[in-house]
Amino acid sequence: HHTQMPKETGLDHSLKVLKEGYPYFLKRREEMDTDVFETTILGQKAYCLGGESGAELFYDTSKFKRDKAMPKPVQKVLTGQHGVQSLDGKKHEDRKKMFMSLMSPKELDRLTTLLENYWYQSAKKWESMDQIVLYDEVKEILCRTACEWAGVPLLEEEVKDTTRNLANLFEKTASISPSYLQGTHSRKKLENWIKKLVQQVRNGELKPEENTTLYVFSWHRDDIGKLMDEDVAAVEVLNIIRPIVAVAIYIAFTAQALIQYPNEAEKLITKGSKQYQYFVQEVRRFYPFFPFQAAITTKDFTWNGYPFKKETLTVLDIYGTNHDPKIWENADQFFPDRFNDWKESPFSFIPQGGGDHLGGHRCAGEWITIKVMNVCLDFLVNQLSFSVPKQDLEFNLTKFPTLPNSKIIFSNVKRTK
Ligand code: HEM
């Protein structure tokens, strides 16, 4: 039997989404007391899903596909075109396996060692500076780490420009912003750069280690035994390097949390304890980053009595699910201990997507992200002393992505080891 799906009336709500920002979908879901409602965005009918049941539905690949789901302007800066994000079925499965093959504990350890070295070197430099902007410094550290880990050669004089171009891909994604063109320009430059490296690997001029991204992706053969197009290989290498640099956003929020919640920071007395993991998880839950994810229905179907129509844009509310009062007690409080007796579910805690890593589109870099955040949290708590000058630590929920306004300023930085 069919029931009418809750519906937001009016012409087009795209502007409201931008004006209200991250909480837009949750606000509607709470007003209508539902995990699913219908609205109009980008000039078309769209379903909005959220909460645990909404997320579970969204990751049912028999009902949703990703091909053409992400708006072109976003692809042209953030993800690139024809990458893993846009694939479905067997093609996706094959490509995703290629990504996940890089994520072994051994490879994560190699990344950790590189990251610790670059942190240490930068911290040495910071001791002779009046103050630092942590977010900018961490982007550079992560750019060096990501390129070296991925087997991508990077000269010292290329570090600044490369960091800026990679950051443009996730900082200048919104096509309505005046700096959007810088984003498209940065993507073209980066894709050309990596494409040349892929050519050099294939013609033998460049020999990266066999376990690195550049090597694995250059020589990956798909389900029908073909090497990837050079352009696509470049897009996929950037799908590793770019988001590693983007973890800087979470590091800025991690520092913000240490400053804003001294009681929680004090609980991090035993180095390497579970408390560090709870803190990292709570940063990923509490702070806004990826607002939502899009897909398209593959067929007509009925779910919980609601009829869904084929070929309809569907949005999963990522931020709202992580702040859903039906899932999280005192959802709007920063409280790491909530992860102490947390019943893990693939659909309730979805800062980097839900479901399964291999079988679905859940973020390929989730383990890297958690590892990098743990290393950085340890550095901030145990290996660095600093003063926090007066600054604006607020963040704006209508900016995508958003950051603490000051980008975290430290002065009197000293290594404690
Ligand atoms: C996909 C978030 C870091 C690589 C995703 C998705 C989200 C996400 C929301 C989409 C999930 C979906 O389509 O359902 C984040 C956040 C990060 C982060 C908030 C923090 C900085 C990383 C890192 C890497 C990475 C460090 C790689 C080293 C990917 C890839 C995909 C993806 C390759 C596409 C997966 C697919 O379509 O199957 N990420 N991510 N991400 N992420 Fe991340």
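Start at 1 and go down the list; that is how both ligands and their atoms are numbered. Side chains are part of it too, since the values below use all heavy atoms of this structure and drop only hydrogens, waters and symmetry mates.
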(request) Report the residue from F339, F334, Y261 that forms a ring pair (Phe, Tyr, Trp, His ring centres under 6.0 Å) with F279. (result) F334
(request) Would you please determine whether G354 falls within less than 4.0 Å of ligand 1 on a heavy-atom basis? (result) no
(request) Check each atom of ligand 1 against the heavy atoms of V247 and keep those under 4.0 Å away; list them by number with element. (result) 21 (C)
(request) Mind checking whether H92 contacts ligand 1 via backbone (N, CA, C, O), side chain (CB onward), both or neither, at a 4.0 Å heavy-atom cut-off? (result) side chain
(request) Count the heavy atoms of every other residue, nucleotide or ligand shown that sit under 6.0 Å from CD of E209, and state whether that count exceeds 12. (result) no
(message) Does ligand 1 come near enough to T369 that some N or O of the ligand is less than 3.5 Å from an N or O of the residue?
(response) no
(message) If only side-chain N and O atoms count, and only distance matters, is there a donor-acceptor pair under 3.5 Å linking H82 with D231?
(response) no
(request) Determine, for R95 against E236, whether the closest basic-nitrogen to carboxylate-oxygen distance falls under 4.0 angstrom. (result) yes
(message) Under a 3.5 Å distance rule, please check whether R242 uses its side chain to pair with a backbone N or O of L78 as donor and acceptor.
(response) yes
(message) Nearest non-hydrogen contact with atom 42 (N) of ligand 1 belongs to which option: C363, P401, A246?
(response) C363
(request) Write out the residue and atom name of the closest protein heavy atom to atom 31 (C) of ligand 1, then the distance separating them to 0.1 Å. (result) A364 N, 4.0 Å
(message) Given F349, which partner from the list P346, S345, P351 fulfils the side chain to side chain contact (heavy atoms under 4.5 Å, CB included) test?
(response) P351
(request) Pick out which of Y276, W119, F410 makes a ring pair (Phe, Tyr, Trp, His ring centres under 6.0 Å) with F379. (result) W119
(message) Can you report which non-hydrogen protein atom sits closest to atom 22 (C) of ligand 1, along with the distance?
(response) P243 CB, 3.3 Å
(request) Closest by any non-hydrogen atom to atom 36 (C) of ligand 1: pick that one out of H361, R95, R66, M103. (result) H361
(request) May I ask you to identify, for I368, whether its side chain, its backbone, both or neither come under 4.0 Å of ligand 1 on a heavy-atom basis? (result) side chain
(request) Could you tell me whether R284 approaches ligand 1 through its side chain, its backbone, both or neither, with non-hydrogen atoms closer than 4.0 Å? (result) neither
(message) Could you work out, for atom 2 (C) of ligand 1, the closest of F290, W367, F64, Y287 by heavy-atom distance?
(response) F290
(message) Using a 4.0 Å heavy-atom cut-off, which part of L87 comes near ligand 1: side chain, backbone, both, or neither?
(response) neither
(request) Out of Y59, Y250, F99, indicate the one that has the non-hydrogen atom closest to atom 33 (C) of ligand 1. (result) F99
(message) Salt bridge check, R284 against E366: does any charged N sit closer than 4.0 Å to a carboxylate O?
(response) yes
(message) Suppose I only count heavy atoms of N239 and a 4.0 Å limit; which atoms of ligand 1 are within that range?
(response) 4 (C), 27 (C)
(request) Indicate, as side chain, backbone, both or neither, the part of Q352 found under 4.0 angstrom from ligand 1 when only non-hydrogen atoms are considered. (result) both
(message) Show the atoms of ligand 1 that are less than 4.0 angstrom away from any heavy atom in I318.
(response) 9 (C)
(message) Ring of F25, cation from R29 - is the NZ or CZ under 6.0 Å from the centre and inside 45° of the axis?
(response) no
(request) Tell me yes or no: between the side chains of E148 and Y118, is some donor less than 3.5 Å from an acceptor? (result) yes
(request) Considering the heavy atoms of F289, write down every atom of ligand 1 situated less than 4.0 Å from one of them. (result) 19 (C), 20 (C), 21 (C)
(message) Could you tell me, atom by atom, which parts of ligand 1 come under 4.0 Å of a heavy atom of Q293?
(response) 10 (C), 12 (C), 13 (O), 14 (O)
(message) Need the ligand 1 atom indices (1-based, order shown) with element for anything under 4.0 Å from a heavy-atom of G360.
(response) 38 (O)
(message) Using only atom types and a distance under 3.5 Å, with no angle test, would you say the side chain of N330 pairs donor to acceptor with the backbone of Q333?
(response) no
(request) Using the ring pair (Phe, Tyr, Trp, His ring centres under 6.0 Å) rule, pick out the option among F395, Y250, Y22 that qualifies with Y287. (result) F395
